[in-house]
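Remarks on the structure that follows.
Labels below follow one simple rule: chain letters A, B, ... track the order of the sequence lines, proteins then strands, and each chain is numbered from 1.
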There are 2 protein chains.
Amino acid sequence: MTKNYASEISSPLSSSHEDYLKAIYILETRGEQVTNSALSEYIGFTPASATNMVKKLAQMDLVIYRPHQAVALTPTGRRVALEILRHHRLLELFLHKTLDIPWDKVHEEAERLEHVLSEALEDAIAASLGYPKVDPHGDPIPSKNGEISHTPGLPLSQSEAGRAYRLVRVLSQERERLAYLGKLGLHLNVEVFLHEQAPFDGPVLVEVAGEEHALAADMAALLQVVPASAE
Amino acid sequence: MTKNYASEISSPLSSSHEDYLKAIYILETRGEQVTNSALSEYIGFTPASATNMVKKLAQMDLVIYRPHQAVALTPTGRRVALEILRHHRLLELFLHKTLDIPWDKVHEEAERLEHVLSEALEDAIAASLGYPKVDPHGDPIPSKNGEISHTPGLPLSQSEAGRAYRLVRVLSQERERLAYLGKLGLHLNVEVFLHEQAPFDGPVLVEVAGEEHALAADMAALLQVVPASAE
DNA sequence: GATATAATTTAGCCATGACTAAAAACTACG
DNA sequence: CGTAGTTTTTAGTCATGGCTAAATTATATC
């Protein structure tokens with residue numbers, strides 16, 4: 001299991017370590033405080049287990065932990081998290097483009113593969129895809145040295161009606177949700193026309209590839225779009 | 001970690017379980033008795049650890065274990081071993097053909113990936129490669145229902161001099177050895193002309209792509225060839 | 001067939017990373 | 001500002017799968 005972590009890391013990290021760091025990273029980017037309960041709920045283990053692991057990560061200088069406080073990644077911890085995220089998103093795109101795995105299935109596959117991806121394989125995959133910037137859901141792929149771009153786009157639910165947009169990101173990894181969107185033709189980079197946004201968080205009427213569909217408001221909130229005219 | 005094991009298997013298997021079963025399978029195919037020491041040496045753990053695991057595998061009806069006797073796979077155990085071997089060899093070929101990973105590096109990569117390959121991914125890979133029969137070293141790929149073919153071919157070291165042969169299999173996974181062979185142009189299916197086999201296990205003089213090379217006898221013994229004229 | 005040597009197994013230890021249950025510490029409200 | 005309720009931590013358990021050291025069993029030789 002060849003790893004690429006910042007050379008500062010002494011002990012090798014298990015998949016568990018990596019999963020926790022990735023989870024903390026993702027929760028951090030949501031802007032919320034990474035409380036113990038948020039973390040434990042996200043990773044699907046008990047709060048006691050989360051505390052336990054967080055303390056270990058703190059000993060390795062991957063997170064900053066003060067009892068009863070929100071956890072935070074250290075720079076090194078963030079590097080590790082971003083490397084795993086890079087693995088994950090490169091794998092998602094690779095599986096999608098090279099093996100035609102549908103976008104609603106790539107997440108769970110990548111979830112397991114990301115921990116056993118060598119440096120060499122990561123590079124080969126990135127090269128074979130032409131050093132891509134986003135995965136099949138529009139999530140940005142961190143660069144090899146831990147930089148990550150901000151994807152532009154606003155929620156469809158907050159966009160002006162009567163205009164055309166391009167779908168640039170879907171903020172969900174849920175299989176059923178993605179499968180549903182896919183069936184409507186709502187793939188990445190597809191053009192959608194926003195007919196109407198019903199008030200009081202009512203359904204959103206969109207047209208995709210000539211067909212009209214009504215989307216639940218919270219579904220539309222997950223669809224990040226840019227005006228279709230833009231570039 | 002979606003698994004494909006014969007439905008008879010109750011508890012899920014860890015990578016360790018799978019590694020042991022694969023090791024036992026490989027040792028069995030070598031014809032030798034799978035003693036505890038042979039097994040422990042092959043997998044690189046202590047004999048005590050091997051005994052321990054073999055007893056667990058016996059409880060799961062994956063191997064037959066009688067103290068102080070050679071271990072043997074049960075039909076179910078063989079199915080599991082063959083499935084992992086299928087994963088391994090499909091992955092080797094996939095990495096080699098799709099990502100241009102050299103044949104001397106694919107083994108160690110596949111070694112980690114084979115345990116986290118889902119059924120769906122296995123199928124997708126097999127399909128994308130056109131349901132191949134052998135991996136980049138000429139090792140046969142077990143079929144989905146656990147059949148495995150016998151590769152024809154005889155050791156180059158035992159072949160008649162003055163004739164042309166085609167390399168159909170290399171019986172080694174050692175990185176350096178494979179890298180060396182690759183440098184000489186000795187890849188799978190390449191044509192070689194056997195000039196001379198020096199007596200008393202002396203070097204073997206071969207011609208590959210116009211160049212002549214002297215191979216150590218034990219190296220030549222690992223090269224399985226068929227007469228070049230054959231089909 | 002006794003005994004030396006080699007192989008195998010047993011017994012017991014350790015780290016990992018999950019868990020439950022109970023204790024402790026925060027928060028918020030009356 | 002004290003107490004109820006929630007969150008977090010602690011303490012201790014368990015299974016896993018390595019390990020070492022010691023006991024046992026097989027084997028092989030005289």
Indicate, with a heavy-atom threshold strictly under 4.0 Å, whether [X] touches base, sugar-phosphate, or nothing.
X     : result
B:K56 : base
A:S37 : sugar-phosphate
B:P67 : sugar-phosphate
B:A50 : nothing
A:T51 : base

[X] side chain: which of [options] is closest?
X     : options                : value
A:M53 : C:dG17, D:dA21, D:dT10 : C:dG17
A:H68 : D:dT9, D:dG18, C:dG17  : D:dT9
A:S16 : C:dG17, D:dG17, C:dT8  : C:dG17
A:T46 : C:dC19, D:dT8, C:dG17  : C:dC19
A:A48 : C:dG17, D:dA11, D:dT8  : D:dA11
A:F45 : D:dG18, C:dA18, C:dT10 : C:dA18
A:S49 : D:dT7, D:dC19, C:dC19  : C:dC19

Practice problem: Determine the minimum heavy-atom distance between A:S157 and A:Q197, stating which atoms define it. | Solution: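 So the minimum-distance heavy-atom pair works out to O-NE2, 3.1 Å.
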
Quiz item: Does atom CD of B:E41 have more than 12 heavy-atom neighbours from other groups under 6.0 Å away?
Solution: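 No, not enclosed.
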
Quiz item: How far apart are the C-alpha atoms of B:H96 and B:E92, what are their side-chain angles, what is the distance that settles it, and do they pass the side chain to side chain donor-acceptor pair (under 3.5 Å) test?
Solution: CA-CA 6 Å; B:H96 186 60; B:E92 285 191 340; over 6 Å; no

Exercise. Measure the distance from OH on B:Y20 to P on D:dG17 and round it to the nearest whole Å.
Key: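 For the pair B:Y20 OH and D:dG17 P, the rounded distance is 9 Å.
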
Quiz prompt | d(CD, A:Q59; P, C:dG17) in whole Å | solution =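 Between P of C:dG17 and CD of A:Q59: 12 Å.
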
Self-check item: A:H87 ring center within less than 6.0 Å of A:H115 ring center
Solution: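 Not close enough - the centres of the two rings lie 6.0 Å or further apart.
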
Quiz prompt | Option passing salt bridge (charged side-chain N to carboxylate O under 4.0 Å, His left out) with A:K22 (candidates A:E111, A:E28, A:E83) | solution =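 With A:K22 as partner, A:E111, A:E28, A:E83 yield a single salt bridge (charged side-chain N to carboxylate O under 4.0 Å, His left out), made by A:E111.
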
